[in-house]
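The sequence lines fix the lettering, A, B, ..., with proteins before strands; numbering per chain opens at 1. Excluded from the calculations below are hydrogen atoms, water molecules and symmetry mates; all remaining heavy atoms, backbone and side chain alike, are included.
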Protein chains: 2
Amino acid sequence: MSTDFETLLRTAGSKVTPGRLALLKTLHKERRPVPVSYLEKKLTKNLDRVSLYRALDALVGAGIVTSIDFHHGHSHFELAVERPHHHHIVCTSCDTIEDTLCDMTPILAAVAKQSKKFAQVTNHSTEFFGLCRVCAR
Amino acid sequence: MSTDFETLLRTAGSKVTPGRLALLKTLHKERRPVPVSYLEKKLTKNLDRVSLYRALDALVGAGIVTSIDFHHGHSHFELAVERPHHHHIVCTSCDTIEDTLCDMTPILAAVAKQSKKFAQVTNHSTEFFGLCRVCAR
DNA sequence: AGTATAAACGCAATTTAGTTGCATATGAAA
DNA sequence: TTTCATATGCAACTAAATTGCGTTTATACT
């Protein structure tokens, strides 16, 4: 899997700019879904808020970054490349996150087959909520 | 299959108020996920914005209403009772929504088994995205 | 290398979503 | 019918995300 962010940006039809490279580098380091506020702080010297949102938009559109909703009132973002497709379990008490691999392909097939209105199911987002072992006591 | 909103509110530990009854009635009529802005307009005479949010909070907490995120920058809400558990496919081009039944129980079991940090998986949210037949052309 | 141009950028202002504090009103239980 | 916790409304506020616009810059093409 490539750490070649430059190529990634090119394939996304985006220009290779210092700001966007810094963004990808940060997401790559984090390896977890992070809120925009966090990226904003980390990248103050590279991208302002507006450019950050626009970059994220472009990257999500190109499938390079995933937008995730944990029902926290704001989006989280995670690098979608370099790792197998996965989902997250979130503790509703302490917000701990754990990655979880899960195979949605049979479900996707069933949904596509069942649907009357849709020509294709291109994407899905799934989050699990629960109680972590610490909070469960 | 009860349309007995009064009982619903009571079991949720909530008081039976005209505003909350009107809210449930509206969600019942709609039978689809609606944004808060929509409810706000429909219910101006019954509940102001703040009371609406607080009522939704209570109902979601009690499992009577589901909060759904279509990546539109705001939440949608749908009545969770009176209907089998289901998910939604959203057209990324025109926002058409179609309900879809899908059985996540095997997935949930797999996730729970696989998880190291979590004691229980209590909930999940899944949305599918795609192109409807109209937009696909 | 030099230049043209569309994409990216930064800043200020704005919109939209959701929340807090507090005083008042009201449903439900005794 | 009194009591009291819960629900409500309003105003003010915080936070999230977007728009408009003038400037800069990466890249494609001489």
Student: Rounded off to whole Å, could you give me the CG-to-C1' distance for the B:Leu43 and D:dT8 pair?
Tutor: 14 Å
Student: Go through the structure and list residues passing salt bridge (charged side-chain N to carboxylate O under 4.0 Å, His left out) with B:Glu98, not counting sequence neighbours.
Tutor: none
Student: Touch check for A:Ser37, heavy atoms < 4.0 angstrom, all strands: base, sugar-phosphate only, or nothing?
Tutor: nothing
Student: Please report the distance, rounded to the nearest Å, between CD in A:Glu40 and P in D:dT18.
Tutor: 13 Å
Student: Taking CG from B:Leu9 and C1' from D:dT6, how many angstroms apart are they, rounded to a whole number?
Tutor: 13 Å
Student: Is it true that the NZ or CZ of B:Arg32 lies under 6.0 Å from the centre of B:Phe77's six-membered ring and within 45 degrees of the ring axis?
Tutor: no
Student: If you measure from OG1 on A:Thr100 to NE2 on A:His86, what distance do you get to the nearest 0.5 Å?
Tutor: 9.5 Å
Student: In a table with atom names and distances, give each donor-acceptor pair under 3.5 Å that connects a side chain of residues 10-26 of chain A to protein atoms at least two apart or in another chain.
Tutor:
residue : atom : partner : partner atom : Å
A:Arg10 : NH2  : A:Glu6  : OE2          : 2.8
A:Thr11 : OG1  : A:Thr7  : O            : 3.3
A:Thr11 : OG1  : A:Leu8  : O            : 2.8
A:Ser14 : OG   : A:Arg20 : NH1          : 2.9
A:Thr17 : OG1  : A:Arg20 : N            : 3.3
A:Thr26 : OG1  : A:Ala22 : O            : 2.9

Student: Please round to 10 degrees the angle between the axis of the first five pairs and the axis of the last five pairs in the helix from C:dA1-D:dT30 to C:dA30-D:dT1.
Tutor: 50°
Student: Which salt bridge (charged side-chain N to carboxylate O under 4.0 Å, His left out) pairs, counting each pair once, include a residue from residues 127-137 of chain A, with sequence neighbours left out?
Tutor: none
Student: Please name all residues satisfying side chain to side chain contact (heavy atoms under 4.5 Å, CB included) with B:His85, sequence neighbours left out, ordered by chain then number.
Tutor: B:His87, B:His124
Student: Under 3.5 Å, which donor-acceptor pairs link side chains of residues 52-74 of chain A to any protein atom two or more places apart or in another chain?
Tutor:
residue : atom : partner : partner atom : Å
A:Asp69 : OD2  : A:His71 : N            : 3.1
A:His72 : NE2  : A:Asp95 : OD1          : 3.3
A:His74 : ND1  : A:His72 : O            : 3.3

Student: Using the test side chain to side chain contact (heavy atoms under 4.5 Å, CB included), find all partners of B:Asn123 that sit at least two apart in sequence or belong to another chain.
Tutor: A:Phe129
Student: Is the closest basic N to carboxylate O distance between B:Arg83 and B:Glu78 below 4.0 Å?
Tutor: yes
Student: Please produce a list of atom pairs where a protein N or O lies less than 3.5 Å from an N or O of nucleotides 25-27 of chain D.
Tutor:
residue : atom : partner : partner atom : Å
D:dT25  : O2   : A:Lys15 : NZ           : 3.4
D:dA26  : N3   : A:Lys15 : NZ           : 3.4
D:dT27  : OP1  : A:Arg10 : NH1          : 3.0
D:dT27  : OP1  : A:Val16 : N            : 3.0

Student: Other hydrophobic cluster members with B:Ile107, side-chain heavy atoms of Ile/Leu/Val/Met/Phe/Trp/Tyr under 4.5 Å, chained?
Tutor: A:Ile89, A:Met104, A:Ile107, A:Leu108, A:Val111, A:Phe118, A:Val121, A:Phe128, B:Ile89, B:Met104, B:Leu108, B:Val111, B:Phe118, B:Val121, B:Phe128
Student: Taking atom OG of B:Ser37 and atom CZ of B:Arg49, what is their separation to the nearest 0.5 Å?
Tutor: 11.5 Å
Student: Could you pull out all residues at least two apart from A:Ser93 that satisfy side chain to side chain contact (heavy atoms under 4.5 Å, CB included)?
Tutor: A:Cys91, A:Leu131, A:Cys135
Student: Can you tell me the distance, in whole Å, between the CG atom of B:Asn46 and the P atom of D:dA7?
Tutor: 16 Å
Student: Check DNA chain C against residues 48-67 of chain A and give the residues with a non-hydrogen atom under 4.0 Å, in numerical order.
Tutor: A:Asp48, A:Arg49, A:Val50, A:Ser51, A:Arg54
Student: Shoot me the first and last contacting nucleotide of DNA chain C against chain A, ordered 5' to 3', at under 4.0 angstrom to non-hydrogen atoms.
Tutor: C:dA6 to C:dA13
Student: Is B:Val50 linked to B:Leu43 within one hydrophobic cluster, defined over Ile, Leu, Val, Met, Phe, Trp and Tyr using a side-chain heavy-atom separation of less than 4.5 Å?
Tutor: no
Student: Over how many whole Å does the gap from A:His74 atom NE2 to D:dA17 atom P extend?
Tutor: 8 Å
